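See structure below.
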Amino acid sequence: MALSAITTAAITTSRHSILSHSPSLSNLTLFITTHRLHYHYRHSRKLITTTMATPSPEHKTTAPYGSWHSPITSDVVSGASKGLGGTAVDSHGRLFWLESRPTEAGRSVIVKGDKDENKEAFDVTPKEFSVRTVAQEYGGGAFSISGDTVVFSNYKDQRLYKQSTDSKDSAPVPLTPDYGGPLVSYADGVFDTSLNRFITVMEDRRESSLDAITSIVSIELGGNTIQEPKVLVGGNDFYAFPRLDASGKRLAWIEWSHPNMPWDKSQLWVGYISDTGDVYKRVCVAGGDSAIVESPTEPKWSDEGELFFITDRKSGFWNLHRWVESDNTVAPVYSLEAEFARPLWVFGMNSYEIIKEQNNLIACTYRQKGRSYLAIVDKNKSTLSVLESPFTDLMNITSGVKCLYVEGASGVHPMSIAKVSLDEQASKVVDFKIVWSSSPTISEYKSYFSSPEFIEFPTEVPGEVAYAYYYPPTNPIYQASQDEKPPLLLKSHGGPTAETRGILNLNVQFWTSRGWAFVDVNYGGSTGYGRAFRERLLERWGIVDVNDCCSCAQFLVDSGKADGERLCITGGSAGGYTTLAALAFKKTFKAGASLYGVADLKLLKEETHKFESRYMDNLVGGEKEFFERSPINFVDQFSCPIILFQGLEDKVVPPDQARKIYQALKAKGLPVALVEYEGEQHGFRKAENIKFTLEQQMVFFARLVGHFKVADEIVPIKIDNFD
């Protein structure tokens, strides 16, 4: 239940939540939405032109927390940030990236940079296409480039297409059959140039959408007729990372089976390929020994044919390893109590690269105590050297010509791509240049930015701590009176096997610039802190996460950083479950917002997609625990207002979850509202949906908990049992 964003269609607001139950509801909804969009455009322009000058502290306006004006409007938030879906470099050294655009209904487009970085990049993807796969629902690995050819997944029909990257007018050509709808998806593919084919993960939902068949297949790139994909590897529940060596004779891949998730237990295999392209022999490299608990990931071949990968055997931290083929053993490359990989929620992750100019060196990223580092590992000497970088959060790395392209961010940088040039020995950075930014105009709001403070707080378990990023209220124009403490919005991240990161995010700055304190929690069970921390949640989901969120909020109250009477909680997906569970089983928070959250664990297990259908077996336990941890079964214990947001095409957390808890809370007499979006799946991608959700959360909390009037002109939706 990782928090993801899915392409959406038009917004509609639930009949349960709009201002009235008018027969002409749809017209009313459209009118209100359209009016608000135009109004806030004018309003935000006015704010920007009148509040950008920063007064001295003694001349600040004193106003209650939460009521401050801010130029970081919901329009700015929803329209400013583009998503990044991966990078690649072609044979000429030109950079390509996949960006999703909220202003184009979340359409994802491959963009080609020019060799001359001062020249404008251009879209490779034609307007009628959107590059996205829904394999395992969360997608990733939607395109791959070799030479002057790109192969990509098209969102609408989920077919693979081949396209030349040389011309702006090149038309995509389908490679896979038309099955009459988006019933078969592909992800994480690589080119097999020796046999002129494409090797990729295939997810086949033709027989069952809840029990898809996953395999590794080959797809012919030549010829005039479209052929059925040829299965190379199959029989297990899940596959990822098919990676071919330079000779085309060995294929590495990751596989795992129910009830495990890939970060629990997985296996790394190598298959030997015959002259006809079949896998004729297989060897299990890692994960096959029942005495060793590990989850190998990200296999990669060097040009010399040596296989590297990342696993967490023995130490419990994802570290770099190599395969010794002669005796089928595994050897560590470099050991550190840090995470060199991330959980496999999406396909196509690339946390390290073997430097082509010096093949004894590996460029990598690792995560330690809430911060990312860029480093060079010498695989022969087993040494690690940290490189200087302004990014404190790093994701994927792609090798360029005598450079690296790094996806990263920090407390002052939004998600960006940087070109990192190294010296001849690859020992230090000689140039660091941001070549793409998710929010290129964000710097005009710099004086309003709240910097994340990494905090460590005690949990309910003696001697144990958890972590969070705290953002204090920040606005150059306003201050609150000295005797007032700010309202706090605590965010519980999705997953739950995931990690929140302290980066510049306008969704957070929207709150802090209006006078809210904001805290993003990495509760026990989060990634980034090793297997032991990750496994705190096993059989205790709904307990550890809830307790840690409550402990964090109380820690901030005790530290004088938040008002204990104005604590609110929000979260999406698994974070929405933690929100509902915290409100049902604890009394710490005074209101909450659940975005496509889970209310009924048993129902979720029955209805969710295959990838996560057994996830909860390890997180929750047996039938008794499923009942006792489900907020829907304890409506009588809820005592505060809740607002719910749900996409009507969500296959991960189906709409019944939100509707059931809404009806139960409404019947109990609690203030509650439900907003449903047509065309939305698991996450909101369309700009107006992001905007509406953000605004309605804020005005909901302000009206019921905050005791202040928001500065923005927002038409509030109807709150049942309140309006």
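A quick note: this is a predicted structure, and the numbers were derived from the prediction, not measured.
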F238 six-ring centre to K610 NZ/CZ under 6.0 Å and within 45° of normal: yes
Side-chain touch S389/F432, heavy atoms, less than 4.5 angstrom: yes
Residues R501 and T392: side-chain donor-acceptor under 3.5 angstrom: no
Verify, without hydrogens or angle tests, whether E407 (side chain) and I397 (backbone) share a donor-acceptor contact under 3.5 angstrom. no
Output yes when a side-chain donor or acceptor of T176 lies under 3.5 Å from a complementary backbone atom of L160, and no otherwise. yes
D650 side chain vs P654 backbone, donor-acceptor pair below 3.5 Å: no
Between P229 and P177, the two heavy atoms sitting closest are CD-CD, 4.1 Å
Are the aromatic ring centres of Y596 and F645 under 6.0 angstrom apart? no
Using distance alone, with no hydrogens and no angle criterion, decide if S70 and S513 have a side-chain donor and acceptor under 3.5 Å apart. yes
If you round to the nearest 0.5 Å, how far is CG of L506 from CD1 of I72? 6.0 Å
Starting from the C-alpha separation in whole Å, work towards a yes-or-no answer on side-chain contact (heavy atoms from CB on, under 4.5 Å) for V710 and M698. CA-CA 8 Å; V710 299; M698 185 180 67; 4.1 Å; yes
In terms of heavy-atom contacts, M349 and L344 come closest through CE-CA, 3.6 Å
Can you tell me how far CD of Q696 sits from CD1 of I717, rounded to the nearest 0.5 angstrom? 4.5 Å
Is the side chain of E298 donor-acceptor paired with the backbone N or O of S351 at a distance under 3.5 Å, no angle test? yes
Any donor-acceptor pair under 3.5 Å linking the side-chain atoms of T87 with those of T398? yes
How long is the gap from CG on L84 to CG on N396, to the nearest 0.5 Å? 8.0 Å
Cut-off 3.5 Å, side chains only: do E499 and S526 have a donor facing an acceptor? no
Any donor-acceptor N/O pair, E353 side chain to S399 backbone, under 3.5 Å: yes
Any K162 side-chain heavy atom under 4.5 Å of V150 side chain: no
Could you tell me the separation between the CD1 atom of I503 and the CG atom of N505, rounded to the nearest 0.5 Å? 6.0 Å
Step by step, would you call W253 with F241 a ring-ring contact (aromatic ring centres under 6.0 Å, His included)? CA-CA 5 Å; W253 70 85; F241 292 111; over 10 Å; no
Is a donor on one side and an acceptor on the other found under 3.5 Å between the side chain of T149 and the backbone of I145? no
Treating D712 as the side-chain partner and I714 as the backbone partner, does any N or O pair qualify as donor plus acceptor under 3.5 Å? no
Heavy-atom side-chain contact between F129 and P172 under 4.5 Å: yes
Between W511 and Y448, is the gap from one ring center to the other below 6.0 Å? no
Could you verify whether a donor N or O on one side chain and an acceptor N or O on the other, from H92 and D148, lie under 3.5 Å apart? yes
Looking at E120, I want to see if its CD is surrounded by more than 12 non-hydrogen atoms of other residues, nucleotides or ligands under 6.0 Å. no
Counting N and O atoms only, with roles assigned by atom type, does the side chain of S437 sit under 3.5 Å from a partner on the main chain of S439, one being a donor and the other an acceptor? yes
So, K691 and S74: side-chain donor and acceptor under 3.5 Å apart, yes or no? yes
Please check: side-chain N/O of S130 versus main-chain N/O of R107, any donor-acceptor pairing under 3.5 Å? no
Decide if the gap between the ring center of Y469 and the ring center of F518 is smaller than 6.0 angstrom. no
Within the structure provided, determine whether W345 and F611 are in side-chain contact (heavy-atom separation under 4.5 Å). yes
Is there a side-chain contact between I219 and K230 (heavy atoms, below 4.5 Å)? no
Heavy-atom closest pair (T193 atom, S146 atom, distance to 0.1 Å) is CG2-OG, 4.1 Å
Taking the side chain from R159 and the backbone from L175, do they hold a donor-acceptor pair closer than 3.5 Å? no
For a quick check under 3.5 Å, do T497 and Y615 share a side-chain donor-acceptor pair by atom type? yes
Would you say the side-chain atoms of S573 and H682 include a donor-acceptor pair closer than 3.5 Å? yes
Exercise: identify the closest heavy-atom pair between D114 and K119: OD1-CD, 3.7 Å
As a quick check of understanding, evaluate side-chain hydrogen bond (donor to acceptor under 3.5 Å, both in side chains) for R342 and T297, giving each step before the final call. CA-CA 9 Å; R342 308 185 301 281; T297 186; over 6 Å; no
Set out, in order, the CA-CA distance, both residues' side-chain angles and the distance that settles salt bridge (Lys or Arg N to Asp or Glu O under 4.0 Å) for D157 and R132, then state yes or no. CA-CA 10 Å; D157 57 11; R132 189 170 140 247; over 6 Å; no
Decide yes or no on side-chain contact (heavy atoms from CB on, under 4.5 Å) for T693 and L595, but give the supporting numbers first. CA-CA 9 Å; T693 302; L595 285 67; 3.9 Å; yes
Could you state the interatomic distance from CD (Q158) to OH (Y186), rounded to the nearest 0.5 Å? 9.5 Å
State the CG-OG1 distance between N350 and T365, to the nearest 0.5 angstrom. 9.5 Å
Can you confirm whether V109 sits close enough to L98 that some side-chain heavy atom of one is under 4.5 Å from a side-chain heavy atom of the other? no
When you look at K446 and E444, which way does the salt bridge (Lys or Arg N to Asp or Glu O under 4.0 Å) test go after all the steps? CA-CA 6 Å; K446 187 176 180 179; E444 66 182 280; over 6 Å; no
Is D166 paired with R94 through a side-chain N to carboxylate O contact shorter than 4.0 Å? yes
Taking atom types as modelled and ignoring hydrogens, do the side chains of S372 and R367 form a donor-acceptor contact shorter than 3.5 angstrom? yes
After noting the C-alpha distance and the side-chain angles of T570 and Q697, does the key distance pass the side-chain hydrogen bond (donor to acceptor under 3.5 Å, both in side chains) rule? CA-CA 9 Å; T570 187; Q697 278 191 82; 2.9 Å; yes
Could you go step by step and tell me if S170 and Q163 meet the side-chain hydrogen bond (donor to acceptor under 3.5 Å, both in side chains) rule? CA-CA 6 Å; S170 173; Q163 183 185 5; 4.6 Å; no
What is the minimum heavy-atom distance between G647 and P655, and which atoms define it? O-CG, 3.6 Å
Taking every non-hydrogen atom, the tightest pair across E99 and W436: OE1-NE1, 2.8 Å
Can you check whether F122 reaches V111 side chain to side chain, under 4.5 Å on heavy atoms? no
Which is it for S144 and F191 under the side-chain contact (heavy atoms from CB on, under 4.5 Å) test, yes or no, and what are the steps along the way? CA-CA 8 Å; S144 185; F191 287 82; 3.7 Å; yes
Go through the side-chain N and O atoms of E203 and S185 and say whether any donor and acceptor fall under 3.5 Å apart. no
Apply side-chain hydrogen bond (donor to acceptor under 3.5 Å, both in side chains) to S209 and H609, showing your working. CA-CA 7 Å; S209 60; H609 60 141; over 6 Å; no
Taking the side chain as everything from C-beta on, heavy atoms only, tell me whether P102 gets closer than 4.5 Å to F684. no
